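The figures here come from the full heavy-atom set of this structure, side chains too, leaving out hydrogens, waters and symmetry mates. Within every chain, numbering begins at 1; the chains are lettered A, B, ... in the order of the sequence lines, protein sequences first and strands thereafter. Keep in mind that this is a model prediction, so the values were computed, not measured.
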Number of protein chains: 2
Amino acid sequence: MTGPEIAVDRSSPVPLYFQVAEQFAAAIQRGELAPGDRLDSELQLADRLGLSRPTVRQAIQHLVDKGLIVRRRGVGTQVVRGEVRRGVELTSLHDDLARAGRQPSTSVLELATVACPVEVATALDVTAGSEVQHLRRLRFADGEPLAVMENWLPLHPVRLTLDALQARGLYAILRAAGIRVRGAQQRIGARAATGAEAQMLGERRGAPLLTMTRTAYDDHGRYVEHGAHIYRASRYSLEVTVAER
Amino acid sequence: MTGPEIAVDRSSPVPLYFQVAEQFAAAIQRGELAPGDRLDSELQLADRLGLSRPTVRQAIQHLVDKGLIVRRRGVGTQVVRGEVRRGVELTSLHDDLARAGRQPSTSVLELATVACPVEVATALDVTAGSEVQHLRRLRFADGEPLAVMENWLPLHPVRLTLDALQARGLYAILRAAGIRVRGAQQRIGARAATGAEAQMLGERRGAPLLTMTRTAYDDHGRYVEHGAHIYRASRYSLEVTVAER
DNA sequence: GTCAATGTGTTGTCCTGACATTCGGCCGGG
DNA sequence: CCCGGCCGAATGTCAGGACAACACATTGAC
């Protein structure tokens with residue numbers, strides 16, 4: 001067992017452990033490393049790649065966190081059986097659709113500065129009534145309505161414009177403004193569509209909707225966005241992968 | 001800033017980094033470390049606790065993964081603003097309810113060995129038609145119907161019994177049998193209840209249901225369970241926390 | 001007074017080394 | 001033939017050190 005060909009570039013600014021992790025992930029995706037296959041031991045890999053064991057270990061840990069491989073003490077490291085699917089990371093719907101080969105488009109229903117409602121204020125950890133940007137968008141995939149997304153953002157960081165919102169996802173705009181979203185808490189549920197919602201989404205009144213509220217924080221630990229979204233359950237579902245330890 | 005009192009027990013079999021992480025998590029939960037508070041630097045902590053920096057770092061990384069704190073290079077480490085809620089880990093509904101102070105109970109509708117359906121076979125990575133255990137349960141919280149859960153398990157590992165299923169969650173049974181569930185892939189959606197489903201759950205036909213399918217793997221990378229679950233959307237929702245890096 | 005350069009403190013990455021723990025197969029005894 | 005103990009191999013944990021990259025505040029130049 002020598003495994004896939006992996007080479008690191010020490011002159012690259014990309015961390016070595018990340019280079020290794022990416023190349024293993026690619027090999028698994030290509031099928032070069034089949035489900036159930038054993039990887040070389042950490043010591044062998046370190047030797048082969050000219051890296052130290054901690055660096056190799058960090059790379060492997062990265063893949064374990066993504067649910068691609070499994071480690072067993074005293075035994076070794078194996079690729080998880082069955083096909084792996086990408087779970088929800090901190091991407092916007094826009095990017096998700098684009099990656100799935102579908103054409104995203106957006107109609108901005110509302111974009112204004114408003115006094116922050118109480119529920120949103122508690123989620124964003126700001127004082128109720130303070131000014132926040134409020135945003136409501138109808139999202140399409142291949143011209144077909146898919147979701148209604150409502151977002152609130154504290155004013156400080158970035159000024160949203162209509163043009164930007166029609167061309168890109170919210171998270172891409174935030175990233176471009178230097179805001180690094182690091183994590184989020186999400187609540188996923190379902191409910192029946194109201195008449196108005198049904199009309200916007202092209203469903204019947206009472207049709208099941210998938211709901212998600214999300215509060216995202218940046219690397220200051222500050223909440224930068226709160227969203228309440230509804231999706232047509234007939235056209236959309238969420239994927240989540242969980243890995244422990 | 002000296003932070004909360006933390007002491008490690010070197011004679012304990014619990015890893016040092018885990019002891020540290022748990023005590024910080026507890027301090028945050030107690031409010032002793034308030035949202036936005038800065039932690040001591042890694043070097044200060046290492047010095048104060050008599051540990052090496054890698055160990056302290058591992059503890060902090062653990063908390064970052066759980067979405068409790070945020071790190072910024074060149075600046076420091078802070079507690080995430082706002083209250084944090086526990087996300088879906090690899091626990092069963094049974095445990096979740098018990099922790100929330102509600103009384104879980106289970107009615108086993110079906111428990112048999114069957115030929116594996118094709119969709120399940122692909123998910124579990126076994127050959128279609130091979131024998132698997134099939135399980136269907138109606139779950140209650142405080143005596144009120146909450147969910148219908150259907151599971152399939154490859155035969156090998158553990159033999160399920162009716163008694164065990166009524167007293168404990170599926171994951172607890174698996175754990176007791178020495179199976180260590182390490183990760184899972186989940187798909188979350190919604191749909192309308194059929195007449196039969198509505199009757200079981202005490203909802204009206206067409207009422208929105210939250211659906212989740214989950215495939216869980218153990219530390220061999222083998223899939224050990226596939227489940228298709230429906231929840232009353234009016235009584236249940238899922239929480240997910242995501243953290244990057 | 002404004003703006004650029006510098007300095008300090010912090011996390012990010014990477015290294016070497018060591019021992020503990022666990023698993024699973026080998027081998028020998030009964 | 002079966003079973004138990006031994007042992008090698010792999011991951012898990014921990015130490016201590018070094019330098020890089022980065023953010024922020026301070027200082028200095030213009």
> How long is the line joining CD of B/Gln78 and P of D/dC24, in whole Å?
Replying inline: 10 Å
> Base, backbone or nothing for each nucleotide of nucleotides 9-16 of chain C, written B, S, -, heavy atoms under 4.0 angstrom, 5' to 3'?
Replying inline: BBBBBSSB
>> Suppose we screen for salt bridge (charged side-chain N to carboxylate O under 4.0 Å, His left out). Which residues come up paired with B/Glu42, at least two apart in sequence or across chains?
In response: B/Arg53, B/Arg57, B/Arg71
>> Please enumerate all residues that pass side-chain contact (heavy atoms from CB on, under 4.5 Å) together with B/Ala115, with sequence neighbours excluded.
In response: none
> Could you walk me through whether B/His220 and A/Arg72 pass the side-chain hydrogen bond (donor to acceptor under 3.5 Å, both in side chains) check?
Replying inline: CA-CA 7 Å; B/His220 289 68; A/Arg72 268 192 310 157; 2.6 Å; yes
> Ignoring hydrogens and geometry, is there a side-chain-to-backbone donor-acceptor pair from B/Gln19 to B/Asp9 under 3.5 Å?
Replying inline: yes
>> Between B/Gln185 and B/Tyr217, is the side-chain hydrogen bond (donor to acceptor under 3.5 Å, both in side chains) condition met? List the steps.
In response: CA-CA 9 Å; B/Gln185 292 154 19; B/Tyr217 56 87; over 6 Å; no
>> Output the rounded distance in Å from NE2 (B/His62) to P (D/dG12).
In response: 14 Å
>> Can you measure B/His220 atom NE2 to C/dT22 atom P for me and round it to whole angstrom units?
In response: 15 Å
